[in-house]
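Inspection log for the structure reproduced underneath, given as structure tokens.
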Amino acid sequence: MTYTLFMPADQRIQIAEDGVAEVPMTHARAALTALIREVSWGKRPGAFTERGSRVAMVVPPEDYDELLL
């Protein structure tokens, strides 16, 4: 018999109520690739947080281009 365990890709990423993928700054380095993939594939913004407040945002290129207009 073979058993497969399902584990989330990165447990440090939390999805906030408004749909933003958040990563605490204390885990930023370890979760950076996973956050970028979440933003790229999920087409949702991401944020780095410090003490529960957002300090930096990561957005898909399409959203960024739209903001420049």
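Note that the structure is a prediction, hence the values are computed from the model and not measured.
Placement of I13 and V58 within a single hydrophobic cluster is found when ILVMFWY residues are connected by side-chain heavy-atom separations under 4.5 Å, directly or transitively. The hydrophobic clustering, which links ILVMFWY residues whose side-chain heavy atoms are closer than 4.5 Å, places F48 and I15 together.
For D65, the side-chain hydrogen bond (donor to acceptor under 3.5 Å, both in side chains) test picks out no residue, with sequence neighbours left out.
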Pairs under 3.5 angstrom only: tabulate donor-acceptor contacts from the side chains of residues 23-39 to other protein residues two or more places apart or in another chain.
| from | atom 1 | to | atom 2 | distance (Å) |
| --- | --- | --- | --- | --- |
| E38 | OE2 | R44 | NE | 2.8 |
| E38 | OE2 | R44 | NH2 | 3.4 |

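Around the CD atom of E62, the shell of radius 6.0 Å holds more than 12 heavy atoms that belong to other residues, nucleotides or ligands.
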